[in-house]
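Have a look at the structure below before the remarks.
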Amino acid sequence: MRIRKTIQLFCLVAIGLLIVASGQADAYSVQGKVLCASSGWVPKGATVQVYEVDPVPGGSYAVNTPALATAAINDSGNYTLTFPWPSGGSGFEAGGPDLIFRVTQNIDGATQVIFDEPTSKTHWNVADGATQNISITSALAVCTNPAVTPSNIPNNKLFLFTRAGVYETAIIDCQGSSAASSGYCRPRKAPYNYSGADSDMPFGGSVDLFGWFGQQVQLAYYKVQFSVDNGSTWTDVETPLPNKWYDTSDINPLNWHWVSESMGPFTDGGQSNLYKVPYLVRPNTPWSWLDRVVQFNTTLATDGAVRLKITPYVWNMGHTALEPATSSNIMVDTNYGEIVLQIDNTPPNVQILDVKLNNTSKKVCDILSFGTAATDKIDVNFRVFDPRGHLRDYALNAMYGHNAVVTPTPTMPNKAVDDYQNNSAGSPLWTGNLSFSAQYKGNVYTSALMPTCAYQLRLQASKRTTNGYGLIYHWVEDTWHVTIQRP
């Protein structure tokens with residue numbers, strides 16, 4: 001008597017045989033999946049065959065041909081085989097079928113065997129409900145990324161930029177999907193709810209950009225490119241990207257050590273300016289910079305909004321050239337896979353222009369005989385001007401003696417000390433002024449507040465430009481020295 005047996009294979013990744021306990025049943029069932037071991041991809045258009053193995057006199061075994069059944073795998077690597085099977089025979093057949101598997105693929109017009117189990121690898125007494133998974137290691141195999149399944153979710157193929165320095169892209173107005181993205185970092189509330197001078201920060205200098213590659217992303221290298229014309233043209237980033245990994249291979253932990261490694265830029269497969277992903281180079285290895293994608297030298301771009309993106313690459317089927325990856329290899333996030341950063345590498349103009357005593361200009365190091373009448377006055381004319389409109393704060397202080405500073409600072413006709421939060425009004429721009437004036441009146445700034453001494457008039461100003469860690473134009477200075485003599 002022959003009983004119909006069913007072999008159904010799907011869903012798992014590594015080769016192995018999972019025997020599921022089964023009593024007497026009308027059908028045998030085997031579950032599994034066929035994948036390429038080197039990438040976890042599926043052999044494209046492959047066909048699976050299953051054969052019966054029988055013991056023969058003398059202790060050897062024979063493979064019964066033709067195949068019991070043949071089936072093509074689907075885009076996820078799954079397949080189902082159904083075939084009749086005798087029951088109650090001698091030897092191992094009494095408990096269940098004894099099986100080996102073969103996988104073939106049409107390569108360049110010819111059928112090639114890419115997986116072939118010998119009788120020594122026979123799966124004896126295959127139980128009803130068992131799972132068979134096949135891992136293809138043949139160099140002949142042509143593999144493709146598997147179809148999306150519940151165990152192969154899109155998020156695991158995702159790439160997105162996560163940080164610029166210490167600032168998360170979540171607080172940067174940088175969504176590449178929005179044409180209105182300005183690229184300003186807003187660690188305070190936005191839009192235009194200023195609670196500090198560090199709102200609306202542009203970027204400058206060398207900026208570390210960080211990103212996340214999902215564990216199922218498949219790529220060989222990536223490029224980072226920037227555009228200063230809203231994506232019409234793109235330029236490769238060519239900045240070297242150093243990294244270190246911790247070598248724990250020695251049996252003696254005292255000999256474990258950090259090893260320097262360049263992550264790019266490289267030239268390979270017909271492409272230049274390529275970078276490597278650390279966890280793809282050495283999986284399960286401590287890296288000092290696991291998720292740093294690039295060091296972007298912003299001075300290579302013009303001031304203004306700059307778009308940045310990665311361009312991922314995979315090897316072609318012949319492994320002879322690199323080609324752009326597709327959505328089956330990597331999913332670039334709609335909002336943060338391409339980002340916008342506001343760039344500003346223009347220094348502010350900070351200068352003391354003139355010092356006057358009772359409307360008469362005085363030279364540096366002059367002695368100013370400063371009276372106490374209402375008509376006696378010292379005017380300091382100064383410039384704090386940022387053509388890009390990213391002024392953060394400024395302060396003009398009259399300093400004397402041992403760390404003494406004249407207080408309060410003048411507020412007329414212009415403030416001697418000011419910052420961004422006092423000037424923002426629905427716009428991220430504050431340029432300052434080409435000509436400010438601070439006035440010290442003799443009847444207000446008495447000898448107690450402004451005694452006889454040598455003075456340093458110190459003008460300091462900062463811009464809001466950050467490299468992701470700190471301000472790159474912090475307290476740009478200009479000084480003017482005089483001596484004030486009081487009656």
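No experiment lies behind these values; they were computed from the predicted model shown.
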Quick one: are [X] and [Y] in side-chain contact, heavy atoms under 4.5 Å?
X	Y	result
P387	T346	yes
P286	W245	no
W212	L158	yes
D208	Y469	yes
Y313	D268	no
N273	Q225	no
P187	C185	yes
I172	I339	no

Query raised in the report: Would S206 and N467 satisfy side-chain hydrogen bond (donor to acceptor under 3.5 Å, both in side chains), going step by step from the backbone distance to the final call?
Result: CA-CA 6 Å; S206 181; N467 61 5; over 6 Å; no

Could you report the tightest heavy-atom contact between [X] and [Y], atom names first, then the distance?
X	Y	answer
L274	K223	CD2-CG, 3.9 Å
I136	A141	CG2-CB, 3.8 Å
L140	I107	O-CD1, 3.1 Å
W289	P278	O-CG, 3.8 Å
A438	L396	CB-CD2, 3.9 Å
P312	I330	CG-CG2, 3.6 Å

Query - Residues Q112 and Q105: side-chain donor-acceptor under 3.5 angstrom - result: no

Query raised in the report: Do you see a donor-acceptor pair shorter than 3.5 Å between the side chains of N297 and T239?
Result: no

Quick one: side chains of residues 160-169, donor-acceptor pairs under 3.5 Å with protein atoms, not counting sequence neighbours, listed by atom name and distance.
from : atom 1 : to   : atom 2 : distance (Å)
T162 : OG1    : F210 : O      : 3.3
R163 : NH1    : G165 : O      : 3.0
T169 : OG1    : F161 : O      : 3.1
T169 : OG1    : T162 : O      : 3.4

[X] side-chain N/O to [Y] backbone N/O, donor-acceptor pair under 3.5 Å:
X	Y	value
E117	F101	yes
N381	F436	yes
D344	G204	no
S181	Q175	yes
N78	K33	no
S227	R307	no
D247	S249	yes

Distance check, rounded to the nearest 0.5 Å: [X] atom [atom1] versus [Y] atom [atom2]?
X	Y	atom1	atom2	answer
W430	L391	CH2	CG	4.0 Å
S76	L35	OG	CG	9.5 Å
T466	L471	OG1	CG	6.0 Å
I352	L459	CD1	CG	5.5 Å
Y275	Y221	OH	OH	13.5 Å
H390	M201	NE2	CE	11.5 Å

Report task. Please name all residues satisfying ring pair (Phe, Tyr, Trp, His ring centres under 6.0 Å) with F213, sequence neighbours left out, ordered by chain then number. Result ->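 F213 satisfies ring pair (Phe, Tyr, Trp, His ring centres under 6.0 Å) with F159, Y222 only.
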
Query raised in the report: Under the ring pair (Phe, Tyr, Trp, His ring centres under 6.0 Å) test, which residues partner Y246, sequence neighbours left out?
Result: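 Y246 satisfies ring pair (Phe, Tyr, Trp, His ring centres under 6.0 Å) with W258 once adjacent residues are dropped.
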
**Report entry** side chain to side chain contact (heavy atoms under 4.5 Å, CB included) between V340 and S182, intermediate numbers included
**Finding:** CA-CA 7 Å; V340 178; S182 62; over 6 Å; no

Query - H257 and D250: CA distance, side-chain angles, deciding distance, side chain to side chain contact (heavy atoms under 4.5 Å, CB included) verdict - result: CA-CA 9 Å; H257 61 285; D250 196 288; over 6 Å; no

Query raised in the report: Ion pair present between D419 and R392, side-chain N to carboxylate O less than 4.0 angstrom?
Result: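 No, no charged N to carboxylate O under 4.0 Å.
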
Query raised in the report: With a 4.0 Å cut-off, would you call R186 and D173 a salt bridge?
Result: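 Looking at D173 together with R186, the answer is yes, because their closest N to O distance falls below 4.0 Å.
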
Report summary line: Residues passing the salt bridge (Lys or Arg N to Asp or Glu O under 4.0 Å) test with E261, sequence neighbours excluded, are K276, R282

Query raised in the report: For Q456, what residues pass the side chain to side chain donor-acceptor pair (under 3.5 Å) criterion, not counting sequence neighbours?
Result: R458, H481

**Report entry** Partner of Y394 under ring-ring contact (aromatic ring centres under 6.0 Å, His included), chosen from F382, F385, W475, Y420
**Finding:**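 The passing option is F382.
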
Requested in this report: Give the intermediate values and the outcome of side chain to side chain contact (heavy atoms under 4.5 Å, CB included) for residues V406 and Y455.
Outcome: CA-CA 10 Å; V406 175; Y455 281 77; 3.8 Å; yes

Query raised in the report: Got more than 12 heavy atoms from elsewhere within 6.0 Å of CG, N284?
Result: no

Query raised in the report: Under the side-chain hydrogen bond (donor to acceptor under 3.5 Å, both in side chains) rule, what pairs show up with a residue in residues 401-415, not counting sequence neighbours?
Result: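 Qualifying pairs: none.
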
Query raised in the report: Does the pair V228 and F226 meet the rule for a side chain to side chain contact (heavy atoms under 4.5 Å, CB included), with working shown?
Result: CA-CA 7 Å; V228 297; F226 69 91; 4.3 Å; yes

